[in-house]
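Notes for the one structure printed next.
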Amino acid sequence: MAKVLIIGAGGVGTVVAYKCAANPEVFTEIVLASRTRSKCDAVKKAIGSDRITTDSVDADSVEQLVELFNRHKPELVINVALPYQDLTIMDACLECGVNYLDTANYEPRDEAHFEYSWQWAYREKFEKAGLTAILGCGFDPGVSGVFTAYAAKHYFSEMTTLDIVDCNAGNHGKAFATNFNPEINIREITQNGRYYQDGEWITTGPLEIHKPLTYPNIGPRESYLLYHEELESLVKNFPSIRRARFWMTFGQEYLTHLRVIQNIGMARIDEIDYNGTKIVPLQFLKAVLPNPQDLGENYHGETSIGCRIAGLDKDGKPLTYYIYNNCSHEEAYRETGMQAVSYTTGVPAMIGAMMCLTGKWKRPGVWNVEEFDPDPFMEQLGKQGLPWHEVINSDLEV
């Protein structure tokens with residue numbers, strides 16, 4: 001049906017390429033590009049599909065991106081590169097007339113700051129160009145927004161509280177490793193926490209608020225309040241929500257390593273001079289930590305990510321609703337060679353691309369996933385490897 005171009009050949013990009021190749025009725029041609037073409041070639045060889053073409057590009061360069069897009073002429077670009085590169089890729093899409101999808105919002109390199117304003121500012125440009133841009137189509141952000149939209153459509157007349165809960169109960173056997181890009185991961189969890197309450201954003205210290213939450217098939221895990229970008233769009237698009245929070249689990253060993261990394265200055269994102277060379281400590285740390293793409297082989301256990309929502313049902317009666325997915329690291333690795341954190345991001349990105357290319361989520365402008373009809377996406381979620389479950393009127397613990 002269409003040609004798609006994937007930018008990024010890390011763990012998530014690998015999963016996206018696998019899943020696009022597994023759906024040839026939608027993705028007739030696949031181009032995989034990253035800064036290092038040999039990484040793309042390795043992914044193509046592992047998948048073994050003759051419908052995959054590889055290329056190289058510096059996604060910081062609009063000029064190189066435009067040249068790449070004009071050469072391959074894709075209908076849609078799936079951006080699973082770094083969040084710093086969102087705007088250059090969007091600029092190139094506008095110049096070349098290509099639709100756009102990503103999994104994480106833009107952030108500047110010199111500040112760990114997450115908000116959608118930079119990308120929302122492109123809405124009129126994409127509208128005038130007749131192009132669709134879909135923001136945040138991983139799991140969280142992504143499926144978490146689709147879950148919320150599904151709950152609003154089918155269960156609630158009014159949602160009042162939303163808690164997104166993310167547990168990784170897996171074990172990769174490493175003393176310290178991050179499950180996705182170490183630079184982005186550490187920037188995310190060392191910033192202040194924030195949550196939404198009665199029309200205002202409340203700021204907390206990093207990982208200051210925490211409590212045990214019980215996850216299906218896993219049990220209780222200490223869960224920490226973070227700020228996550230989908231909260232910004234969800235409270236905007238569902239204004240009845242009075243409180244919205246995001247929780248993520250961390251083991252004590254991980255937190256101990258993280259505290260040491262911060263204390264010795266290795267989490268810094270400003271440049272320092274080292275023997276006459278400018279380096280960013282966090283980027284150096286990324287170079288010596290285990291590559292998240294290589295964790296899958298020895299990863300055991302599962303993830304559990306979902307939304308816990310309270311409010312009033314369609315008849316105006318109190319309702320609690322918990323919708324979630326559990327994903328096995330072992331099963332994700334058997335299918336794609338990647339661990340479950342990459343899998344749970346890559347599969348929704350492919351489904352979002354499928355929604356766009358089949359016309360179900362195609363609308364000129366810049367949109368967050370919850371602004372589209374959730375039903376066709378939810379129908380594909382289980383078929384593509386991420387089955388979901390519902391619990392109604394139980395204790396949400398939050």
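We number each residue from 1, following the sequence as shown.
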*Go through the steps to decide whether Leu68 and Asp55 satisfy the test side-chain contact (heavy atoms from CB on, under 4.5 Å), and finish with yes or no.*
CA-CA 8 Å; Leu68 179 76; Asp55 213 322; 3.5 Å; yes
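- Between His329 and Tyr299, the ring-plane angle classifies as parallel under the 30° and 60° cut-offs.
- Of the listed residues (Phe372, Phe377, Phe139), just one forms a side-chain contact (heavy atoms from CB on, under 4.5 Å) with Val146, and that residue is Phe377.
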*Apply the test side-chain contact (heavy atoms from CB on, under 4.5 Å) to residues Thr148 and Leu162: give CA-CA distance (whole Å), side-chain angles for both, the deciding distance (0.1 Å), then the verdict.*
CA-CA 8 Å; Thr148 305; Leu162 166 66; 3.9 Å; yes
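- Looking only at side-chain heavy atoms (C-beta outward), Val398 and Arg245 come within less than 4.5 Å of each other.
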*How far apart are the C-alpha atoms of Tyr343 and Leu386, what are their side-chain angles, what is the distance that settles it, and do they pass the side-chain contact (heavy atoms from CB on, under 4.5 Å) test?*
CA-CA 9 Å; Tyr343 191 87; Leu386 294 174; 3.9 Å; yes
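- In the displayed structure, Glu25 atom CD is contacted under 6.0 Å by more than 12 heavy atoms of other residues, nucleotides or ligands.
- Using cut-offs of 30° and 60° for the angle between ring planes, the Tyr122 and Phe126 rings count as tilted.
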*Show your working on salt bridge (charged side-chain N to carboxylate O under 4.0 Å, His left out) between Lys236 and Glu232 and close with a plain yes or no.*
CA-CA 7 Å; Lys236 172 179 171 286; Glu232 180 185 15; over 6 Å; no
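- A 4.5 Å side-chain heavy-atom check between Cys167 and Ile218 finds at least one atom pair inside the cut-off.
- Between Ala151 and Met159, the shortest heavy-atom contact is CB-SD, 4.4 Å.
- Considering only heavy atoms from C-beta on, Leu5 stays 4.5 Å or farther from Ile78 through its side chain.
- Formation of a donor-acceptor pair under 3.5 Å by the Thr88 side chain with backbone atoms of Asp86 is not found in this model.
- Inspection of the Tyr84 and Asp60 side chains reveals no N or O donor paired with an N or O acceptor under 3.5 Å.
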*Mind running salt bridge (charged side-chain N to carboxylate O under 4.0 Å, His left out) on Lys360 and Asp375 for me, showing each step along the way?*
CA-CA 10 Å; Lys360 296 180 177 66; Asp375 290 0; over 6 Å; no
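- The closest side-chain donor-acceptor pair between Glu230 and Ser144 falls under 3.5 angstrom.
- Remark: Glu107 CD to Leu82 CG distance equals 9.0 Å, nearest 0.5 Å.
- When only modelled atom types and interatomic distance are considered, Glu302 and Asn217 share a side-chain donor-acceptor pair under 3.5 Å.
- Linking ILVMFWY residues whenever their side-chain heavy atoms come closer than 4.5 Å, directly or via other members, places Tyr196 and Met248 in the same cluster.
- At most 12 non-hydrogen atoms from other residues, nucleotides or ligands lie less than 6.0 angstrom from CD of Glu124.
- Seen from the ring of Trp367, Arg123 counts as a face-on cation partner, given the 6.0 Å and 45° thresholds.
- Taking the ring axis of Trp361 as reference, the NZ or CZ atom of Arg363 does not stay both within 45° of it and closer than 6.0 Å to the ring centre.
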Could you go through residues 305-326 and list every donor-acceptor pair under 3.5 Å that involves a side-chain atom there, pairing it with any protein atom two or more places apart or in another chain?
unit_1	atom_1	unit_2	atom_2	d
Arg308	NH1	Leu396	O	2.9
Arg308	NH1	Glu397	OE1	2.9
Arg308	NH2	Thr214	O	2.7
Arg308	NH2	Tyr322	OH	3.4
Asp313	OD1	Asp315	N	2.8
Asp313	OD1	Gly316	N	3.0
Asp313	OD1	Lys317	N	2.8
Lys314	NZ	Ala152	O	2.9
Lys314	NZ	Lys153	O	3.2
Lys314	NZ	Phe156	O	2.9
Thr320	OG1	Asn393	N	3.3
Thr320	OG1	Ser394	N	3.1
Thr320	OG1	Ser394	O	3.0
Tyr321	OH	Glu390	OE2	2.6
Asn325	ND2	Pro387	O	2.7
Asn326	OD1	Ser304	OG	2.7
Asn326	ND2	Pro216	O	2.8

*Go through the steps to decide whether Leu32 and Thr53 satisfy the test side-chain contact (heavy atoms from CB on, under 4.5 Å), and finish with yes or no.*
CA-CA 6 Å; Leu32 180 62; Thr53 302; over 6 Å; no
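- Gln119 CD to Asn368 CG: the interatomic distance, rounded to the nearest 0.5 Å, is 8.5 Å.
- Leu135 and Tyr116 get closest at one heavy-atom pair: CD1-CD2, 3.9 Å.
- Clustering ILVMFWY residues whenever any of their side-chain heavy atoms sit less than 4.5 angstrom apart, transitively, puts Leu234 in a cluster other than the one holding Val366.
- Between Arg71 and Glu67, at least one side-chain N (NZ, or NE/NH1/NH2) sits under 4.0 Å from a carboxylate O, which counts as a salt bridge.
- Val4 and Val369 fall within the same hydrophobic cluster, defined by Ile, Leu, Val, Met, Phe, Trp and Tyr side-chain heavy atoms under 4.5 Å apart, directly or through other members.
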*Could you go step by step and tell me if Arg334 and Glu330 meet the salt bridge (charged side-chain N to carboxylate O under 4.0 Å, His left out) rule?*
CA-CA 6 Å; Arg334 278 194 293 271; Glu330 293 96 330; over 6 Å; no
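- A donor and an acceptor atom, one from each side chain of Tyr100 and Asp102, are located under 3.5 Å apart.
- In this structure, Phe69 and Ile89 approach most closely via the heavy-atom pair CE1-O, 4.2 Å.
- Summarising the geometry of Gly352 relative to Cys137, their closest heavy-atom pair is CA-SG, 3.7 Å, with the distance given to 0.1 Å.
- Ring centers of Tyr150 and His154: under 6.0 Å apart, within the cut-off.
- Cluster membership check: Trp247 does not share its hydrophobic cluster with Phe250, using side-chain heavy-atom separations under 4.5 Å among Ile, Leu, Val, Met, Phe, Trp and Tyr.
- Between the side chains of Gln64 and Asp58, not a single donor N or O lies within less than 3.5 Å of an accepting N or O.
- Here the CD1-NZ distance, from Ile6 to Lys19, works out to 13.0 Å after rounding to the nearest 0.5 Å.
- Considering every non-hydrogen atom in both Lys39 and Ser34, the closest pair reads CB-OG, 4.4 Å.
- Rounding to the nearest 0.5 Å gives a distance of 9.0 Å between CD1 of Ile52 and OH of Tyr18.
- The closest side-chain donor-acceptor pair between Thr203 and Arg194, if any, does not fall under 3.5 angstrom.
- Heavy atoms of other residues, nucleotides or ligands lying less than 6.0 angstrom from CZ of Phe284 number 12 at most.
- Counted by atom type alone, Asn168 and Thr303 present zero donor-acceptor pairs between their side chains at under 3.5 Å.
- Taken to the nearest 0.5 Å, the NZ atom of Lys44 stands 6.0 Å off from the OG1 atom of Thr54.
- Side-chain N or O atoms of Lys3 include none that pairs as donor or acceptor with a backbone N or O of Ile30 at under 3.5 Å.
- The CG atom of Leu76 sits 5.0 Å away from the CG atom of Leu357 when rounded to the nearest 0.5 Å.
- Heavy-atom neighbours of Glu63 CD from other residues, nucleotides or ligands within 6.0 Å: at or below the threshold of 12.
- Met355 and Val12 fall within a single hydrophobic cluster, where Ile, Leu, Val, Met, Phe, Trp and Tyr are joined by side-chain heavy atoms under 4.5 Å apart, directly or via other members.
- Between Val80 and Gly13, the shortest heavy-atom contact is CG2-CA, 3.7 Å.
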